[in-house]
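Report on one structure; see the data block that follows.
Just so it is clear: chains get the letters A, B, ... in the order the sequence lines come, proteins before strands, and each one is counted from 1. Just so it is clear, the model here is predicted, and its values are computed rather than measured. Only this structure's heavy atoms are used, side chains among them; waters, hydrogens and symmetry mates stay out.
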Protein chains: 2
Amino acid sequence: MEDFAAASGVSRPTVSKYFNDPNSVRKSTRARIEAAIERFGYRPNIYALNQNRKLTKNIGIVVPYLADPFFAEMARHIEAVVIAAGYRPILLGSHGDPAQELENLESLRDIRPAGVLLAPMGRRSDAERVRAFCADVTTVLFDCDIAGAGEAFVGSDNDQSIGLIVDHLCRTGTAPAFFEMREPANPNAIKRRNAYAAAMSRRGLEPMFIQVEGSGWDFEEIAFRGALRAIGRRALPSDTVLCSNDRLAIGFLSAAYERGWRVGRGPGCALRVAGHDDHPFARYTCPRLTTVAQDYAAIARRSAETLLDLIRGDSRATARETTLFRGRLVERASA
Amino acid sequence: MEDFAAASGVSRPTVSKYFNDPNSVRKSTRARIEAAIERFGYRPNIYALNQNRKLTKNIGIVVPYLADPFFAEMARHIEAVVIAAGYRPILLGSHGDPAQELENLESLRDIRPAGVLLAPMGRRSDAERVRAFCADVTTVLFDCDIAGAGEAFVGSDNDQSIGLIVDHLCRTGTAPAFFEMREPANPNAIKRRNAYAAAMSRRGLEPMFIQVEGSGWDFEEIAFRGALRAIGRRALPSDTVLCSNDRLAIGFLSAAYERGWRVGRGPGCALRVAGHDDHPFARYTCPRLTTVAQDYAAIARRSAETLLDLIRGDSRATARETTLFRGRLVERASA
DNA sequence: CAGAAAAATTTACGCGCGTTAAAAAACTGT
DNA sequence: ACAGTTTTTTAACGCGCGTAAATTTTTCTG
């Protein structure tokens, strides 16, 4: 920057000032600096720069698993909002590993982020240390909540969304059985399980569970194997199956097809299958998956804007806020 | 670090030395430092640290689109290799935007990476400026080649893999038509098109193309719409369709199902569909997708190790090397 | 125990910047 | 052309570290 300043005939502090806000310097000097940029292609080192700024423009985004299109999509939305607000997103995936999650948070400290948007891994997260991080860095959680961590939480209203789809399924056919992992790593899964049970109870019906074994992030495979066995044993308690999430539904549909069970609501269909989330691939399953959409855009926008408000100091000191967005029924062919 | 050194009763340069290589200090001082780490949880700031190291341990990884599970999966493999080698991966996705691709490369400069692994976006990439970057930073390309850019390229042998699947399809039924985007952004698509034409020619057959319109990264949607129309018009030149990649195949299968065309090779099937890549979701389509697998692990390993060799100076000055891995036929139910 | 070798300390500079305060220069209106 | 108001420059310090050379301390060898 020293050399660049000399080359552009301006002092270094002025150049620094320019990069901090081009409008803070006189038009004539701005022109000189910009001409020099054109000539030499100089740009300040963002990391050296962040070392001294009192407030950086860095926003960390941490998701549990980038190879899951749900999180990839969510991250994509959030990054767009963050960039539009003039901040700099740093996206980190934790590969489904709680240790990596902590490592990601710790490494974020080094860039002194203005704030962090964190989708925790869930039950496997080290809640204690996540809370400790949130105490130091302004953080907003999304998708998955950890009690007492972060300044706010933005997610989906599982009660409402599960109610919605159970409603739809009951209205259009047999009451659904609930297909899920026996020991899900995600608190949302627990909430959905309970929401399902409650929805059934409201109708005076006994909840029916199909629980499959498995752990890790290979949900489709877990569901595929589990469904294959359940269908093989003819152990389905209902001809309608509500899967705890779309990735499980994708595996389930694949298994049903494999077994020759026609899925859908038309005549000749043996089974109805529904999911939850409106996963990017849900529209291309066979048949196309009926599901309840999480509002990716709204969750992304709200969580990012909540964080930005906190950073800007517009809404300090208020109590921890929880925002739950309603799901939207996406009626396709599978149920 | 100053304070930490004082607290642990050791000088700062020694602490610095310790973090550079714990074995370079005496056992007794190592113990004192580690005790202090235990007590205070100190860790050096990775960015400040990289500012002065002559050689950093940073490896940049840039892929065109993280929301595409193919790249997410590839990145996952590469990160694992890089970490295992004791380096620090920095993963950046370009959101399908050439400008973002350049921005990612430029921002990588700021962390002075030891090297970069780049999967270029393809024809839309700014080849000139990518080459300029590669001239400054040791770079290995993977998945998609740009002539003259980087020290090496690692990818798939499209000739071999397309030959393999065409072979399989011809041996087990009708010769395939080739389903693709009319103007693909990816050079691999062009190679596959040519490989298909060549494979057909070798058999004395006329190549048959089904080309759909569309641009961007929403391949499934493009294929879905295109296939819907092609099937609707009964414009399929063959009862066997080879898709240029699995994402197109996923869309195609969805459209075929929608139209009530049974896909597979058994009796009662109207259509066979095959893909290319062994996309993470290819095993869960209905029917499960026959495809030719790219060797994710091998490509990841080879590209990372080629880069690391270059960094370590084991193999400088040699000519630009191109490594193509063979595809592996994955015979599932769809063809 | 002396002497040699190894390790640690001291001192100092550098990376690429932000930031501040005081001094100098460049503009504004008249 | 002048006082008054921006803007810029100068000078200096700081961030959190790596690194190098010279010096001192510790440890090892016999």
Nearest-Å distance for atom pair [atom1]/[atom2], residues [X] and [N]:
{"X": "A:Asn50", "N": "D:dC17", "atom1": "CG", "atom2": "C1'", "answer": "16 Å"}
{"X": "A:Leu55", "N": "D:dC15", "atom1": "CG", "atom2": "P", "answer": "17 Å"}
{"X": "A:Asn58", "N": "D:dC15", "atom1": "CG", "atom2": "P", "answer": "19 Å"}
{"X": "A:Ile46", "N": "D:dC15", "atom1": "CD1", "atom2": "C1'", "answer": "15 Å"}
{"X": "B:Asp3", "N": "D:dC17", "atom1": "CG", "atom2": "C1'", "answer": "13 Å"}
{"X": "B:Ile111", "N": "D:dC17", "atom1": "CD1", "atom2": "P", "answer": "17 Å"}
{"X": "B:Met1", "N": "C:dT9", "atom1": "CE", "atom2": "P", "answer": "13 Å"}
{"X": "A:Glu2", "N": "D:dA11", "atom1": "CD", "atom2": "C1'", "answer": "12 Å"}

- Message: Which label fits A:Phe40 and A:Phe4: parallel for a plane angle under 30°, tilted from 30 to 60°, or perpendicular past 60°?
- Response: perpendicular

- Item | Aromatic ring pairing B:Trp217/B:Tyr65, orientation class (parallel under 30°, perpendicular over 60°, tilted between) | parallel

- Is A:Arg12 side chain donor-acceptor paired with the C:dG16 base, going by distance under 3.5 Å alone? no

- Per the under-4.0 Å heavy-atom filter, residues of residues 16-36 of chain A near DNA chain C come out as A:Ser16, A:Asn20

- Task: Give the nucleotide from the list D:dT10, C:dG16, D:dG18 with an atom nearest to the side chain of B:Gln51.
- Result: C:dG16

- Message: Under a 3.5 Å cutoff, is there a donor and acceptor pairing between the side chains of A:Ser303 and A:Thr306?
- Response: no

- May I ask you to check whether A:Glu151 and A:Thr138 show a side-chain donor-acceptor distance below 3.5 Å? no

- Query: Reckon B:Phe4 touches a base, only the sugar-phosphate, or nothing at all at heavy-atom distances under 4.0 Å?
  - Reply: nothing

- Query: Is the number of heavy atoms from other residues, nucleotides or ligands under 6.0 Å of B:Glu2 CD greater than 12?
  - Reply: no

- Item | Test side-chain contact (heavy atoms from CB on, under 4.5 Å) applied to B:Phe142 and B:Thr323, B:Val63, B:Leu307, B:Leu118, the passing residue | B:Val63

- Item | 5'-most by nearest nucleotide on DNA chain C - A:Lys54 or B:Thr14 | B:Thr14

- Message: Can you tell me if A:Tyr42 touches the phosphate of C:dC17, counting only side-chain N or O atoms and a distance under 4.0 Å to OP1 or OP2?
- Response: yes

- Message: Please check: side-chain N/O of B:Arg131 versus main-chain N/O of B:Asp126, any donor-acceptor pairing under 3.5 Å?
- Response: no

